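These notes are about the structure you will find just below.
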2 protein chains.
Amino acid sequence: MSRPETGGRRKPAKIADVARIAEVSVATVSRTLANPEVVAEETRKRVLAAVTATGYTPNLAGRALRARRSMLALVVVPDLANPFFPEVLRGVDETLSAAGYGIIIANLDNSAEKESRYVDLACAGQVDGVLLLCGHVIRGRVRDLRASGLPIVAACERIDGEDIPQVEVDNEDAAARAVAHLIDLGHRRIGYIAGPERNVLDRDRRKGFGRALRAARLDPRKAPAFAGDFTFRAGERAARDWLAMPDATRPSAIFAANDEMAIGFVKTARAAGARVPDDVSIVGFDGIEFADYCEPTLTTIYQPRRDIGATAAALLIAAMTSPKPPSPRFERIATRLMLRDSTAAAPKR
Amino acid sequence: MSRPETGGRRKPAKIADVARIAEVSVATVSRTLANPEVVAEETRKRVLAAVTATGYTPNLAGRALRARRSMLALVVVPDLANPFFPEVLRGVDETLSAAGYGIIIANLDNSAEKESRYVDLACAGQVDGVLLLCGHVIRGRVRDLRASGLPIVAACERIDGEDIPQVEVDNEDAAARAVAHLIDLGHRRIGYIAGPERNVLDRDRRKGFGRALRAARLDPRKAPAFAGDFTFRAGERAARDWLAMPDATRPSAIFAANDEMAIGFVKTARAAGARVPDDVSIVGFDGIEFADYCEPTLTTIYQPRRDIGATAAALLIAAMTSPKPPSPRFERIATRLMLRDSTAAAPKR
DNA sequence: GAGGCCGTTGTAATCGATTACATTGGACTC
DNA sequence: GAGTCCAATGTAATCGATTACAACGGCCTC
């Protein structure tokens, strides 16, 4: 083991260096690495020895330029700090990296400027495909991602009106099951803590909420809705509004469009003396890990986030690999209602 | 706006296309984009018009090859699903992307094979720098990251014996403050829930734990330690062990090496009838968001994770930008003890 | 022994951008 | 009017790999 010279950056060996040392042409070196079977045994040994001697690694920029593929995928996340995504990313990572792809993470953070930059990046041919977890096709100021012809797959948040492969759970149906559970427990006055306005997840879950109510001959229009945005804080605000309601109209059960809001609600409601689930039952959505560690543990719809990521990645690989048709294919992932301690029979009135 | 032809991938325009349309040479196009001031007003207008007309974006592989820099950084995370990291990544992302860098995320997930692949990726000149959040210099089977001469910065987990810039909090000191807080409350029998063995964070926090005990003339060797690994489950196991201890030796306070274990401990202890903080006080470490939403809210050491990420990214940018010296520079980020409801005066015996 | 085949290797074009150097032509100076 | 300078632009080398095509030589066959 020879120590690298100290100070200054060491120039990495290139294919020509290897070729010189092995006393062959660059073509032979390249072949030895890509198609070992076509070079003679003896030559192969010489080349491999030279490779180890020089510590040669093919320069990916050169390869990407020539081969017209970078083996990188762009994964667009609306907000990395949201505990929902890391587990999805894990599934994505597992699948993509098993297939030899690297991942560039695009964290939008609600910045149109970043969004535009990532569109440029994608259109610059630096990535072989784009995985959207953000509910819309990212838009650039000048460039258009769709027009680039890059393979695109969407997951987590459905994108309406685009014919791209998508992976999602049946949010409407899952929400309906959650609410039906509350109805089965005898609750008749059920409130909804909403996601951000115009968010597709909110729309679907709200629809499921309404559907379940109607199925029980309850009027969704009379059901109280609390504005929200998927954050703990929103749940806390909803709880304050809930506490301020007169007893006659205050819901005995709440369906929150995600777990964090449900947990925020519980915290503030309990702090004000309300008992959960005795005074109010609550169901969340997502099944984040913490939902099993809050007090009381949270009944929720579990989404297999890792599977979602893995499935989406598989679709993307298919799209990047197959030569032609990005035939839009939809994958549905099943959810599960996890019964825990935040729901109980409606109090007798 | 002309619609892209449907079906088949559209070939992106290249610099030669722009040059042809603008009736100039490729050099002029390149200059117009990189140094607009050196081309004549009139020419510049023609070129820019041609750029918009063709929707031209420079191919990054070509640029990276020629310019010998990819404007990408590799960020190595031990485990994306750990809620500690996303917020760090956010800080990293903000700073790096403001400087025009993209981020490739390397999620190690405890796989030596992945680790080796990422070393290869880095050594292949595909990235301009490496940010390690994983406590060790990643090792390849063949390639050596240190020998590549790439700028490297470490954060979150100190890496001993390597002269690279690092960003960290004073874990020992913070732990000592946490434990001193328990001692101030009158606790004399204090337990420690540990991190993974040989983990540098565990070592430092354990040292701080011992230091605070000794400062109060207590013997650290007599303090019960519970094995752990930073997960909820580990906290639950510790609680079961704690519950099984005889009253005479059972600690009245616990310092957990991170918040998740503290929360897991509380869950299981309470489920068995123990009251927190009346029967047992507990302090965590990290200050993850959940720590303020569990029951009771958790007293903990808050680490400004976003700052850590941003600072590390800034050091990396400095290293990638400056031509020569990767002079090892250490940055210390201050922590804060957040007093909440999981700690109270020791019960009278 | 000439021709053909095939396994092995080399030569050189190519991917798309950047940039050192060369060239052009107009303005200005003496 | 010749010479100088400079702004503007073009020509072509270059980054490092892949790969089509060509070349070479040995062996087999008829």
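Since the model is a prediction, treat every value here as computed from it, not as a measurement. Chain letters run A, B, ... following the sequence lines, proteins first and then strands; every chain starts at 1. Side chains are part of it too, since the values below use all heavy atoms of this structure and drop only hydrogens, waters and symmetry mates.
The pair B:K45-B:E42 fails the salt-bridge criterion, with no side-chain N (NZ, NE, NH1 or NH2) lying under 4.0 Å from an Asp/Glu carboxylate O. One finds no salt bridge joining B:R117 and B:D120 here, because no Lys/Arg side-chain nitrogen approaches an Asp/Glu carboxylate oxygen to under 4.0 Å.
The distance between atom CG of A:L33 and atom C1' of D:dA17, rounded to the nearest whole Å, is 11 Å. In this structure, A:R46 places its CZ atom 8 Å from P of C:dT9, rounding to the nearest Å. Whole-Å rounding puts the A:N59 CG to D:dC15 P distance at 12 Å. The NZ atom of A:K14 sits 16 Å away from the C1' atom of D:dT18 (whole-angstrom rounding). Put simply, CZ on A:R69 is 15 Å from C1' on D:dA17, counting in whole angstrom units.
Checking B:N35 against B:L65, the closest nucleotide of DNA chain C that is more toward the 5' end is the one next to B:L65. Remark on DNA chain D: of its neighbouring residues B:E42 and B:G62, the 5'-side contact belongs to B:E42, judged by nearest-heavy-atom nucleotide. Between B:E37 and A:I15, the residue anchored closer to the 5' end of DNA chain D is B:E37, taking for each the nucleotide with the nearest heavy atom.
Closest to the side chain of B:V26, out of D:dT9, D:dA12, D:dG10, is D:dA12. Of the candidate nucleotides D:dG10, C:dG16, C:dT9, D:dG10 has the atom lying nearest to any side-chain atom of B:R31. For B:P58, the side-chain atoms get nearest to C:dA17 when compared with the rest of D:dT9, C:dA17, C:dT8. Among C:dG16, D:dA17, C:dT11, the nucleotide with an atom closest to any side-chain atom of B:R66 is C:dG16.
Here A:A27 lies in heavy-atom contact (under 4.0 Å) with a base. Contacts of A:T32 with the nucleic acid, taken as non-hydrogen atoms under 4.0 Å apart, are absent.
Taking a 6.0 Å sphere around CD of B:E23, one finds it holds 12 or fewer heavy atoms contributed by other residues, nucleotides or ligands. Heavy-atom contacts from other residues, nucleotides or ligands closer than 6.0 Å to CG of A:D160 number more than 12. Other residues, nucleotides and ligands place more than 12 heavy atoms under 6.0 Å from the CG atom of A:N35.
Checking the phosphate oxygens (OP1, OP2) of C:dT18, no side-chain nitrogen or oxygen of B:R68 falls inside 4.0 Å. For D:dG10, the OP1/OP2 oxygens have a side-chain nitrogen or oxygen of B:T28 closer than 4.0 Å. Between A:R63 and the phosphate of C:dC15, there is no side-chain N or O to OP1/OP2 separation shorter than 4.0 Å. Taking side-chain N and O atoms only, A:Y56 has a distance below 4.0 Å to OP1 or OP2 of D:dA17. A close approach under 4.0 Å does occur between a side-chain nitrogen or oxygen of B:S30 and OP1 or OP2 of C:dT18.
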